[in-house]
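First comes the structure, then the notes that go with it.
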Amino acid sequence: MKLKGNTIEKMVVPEPGKTILQHAKDHEIDWQHMCKRGTCARCRCQVLEGAEFLEEPTEAEHKRLDPEEFDEGFRLGCQALVKTSGIISARNKTYF
Ligand code: FES
């Protein structure tokens, strides 16, 4: 775990079949969330590395996020499932 300014960075071993939010919760990482079904977007995150190790965006993500957000690497942490092991870097970036 590293502290960079006001940001805490933590590395965890990715577990296929779990969402980014589940990884955060399992490892006590402070990651905003509320609904866990893809509507509130509090869990929104920017995937900085390793998007190819995630499943394709869900229907809920397509409804909630704009195409430009996908272009910039945004996903919903409660929806983005890890597909295979690999280095994935994601940062919680809610709207609020
Ligand atoms: S927790 Fe609400 S959209 Fe993910």
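As the structure lists them, so they are numbered: ligands from 1, and atoms in each ligand from 1. Note that the numbering runs from 1 along the sequence shown for the chain.
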Students should find that the hydrophobic cluster of L48, defined by side-chain heavy atoms under 4.5 Å apart, otherwise consists of none
Which pairs of donor and acceptor atoms, one on a side chain in residues 75-90, lie under 3.5 Å apart (sequence neighbours left out)?
| residue | atom | partner | partner atom | Å |
| --- | --- | --- | --- | --- |
| R75 | NE | E61 | OE2 | 2.7 |
| R75 | NH1 | E55 | O | 3.1 |
| R75 | NH2 | E55 | O | 3.2 |
| R75 | NH2 | E61 | OE1 | 3.0 |
| Q79 | OE1 | T58 | OG1 | 3.0 |

When every non-hydrogen atom of N92 is compared with those of R42, the smallest separation belongs to ND2-O, 3.4 Å
(Q) Tell me whether R44 contacts the main-chain N or O of K93 through its side chain, where contact means a donor paired with an acceptor under 3.5 Å. (A) yes
Note to self: Between R64 (side chain only) and T39 (backbone N and O only), is there a donor and an acceptor less than 3.5 Å apart?
What the structure shows: yes
The number of protein N, O or S atoms lying under 2.8 Å from atom 2 (Fe) of ligand 1 is 2
Sorted by chain and number, sequence neighbours left out, ring pair (Phe, Tyr, Trp, His ring centres under 6.0 Å) with H27 holds for none
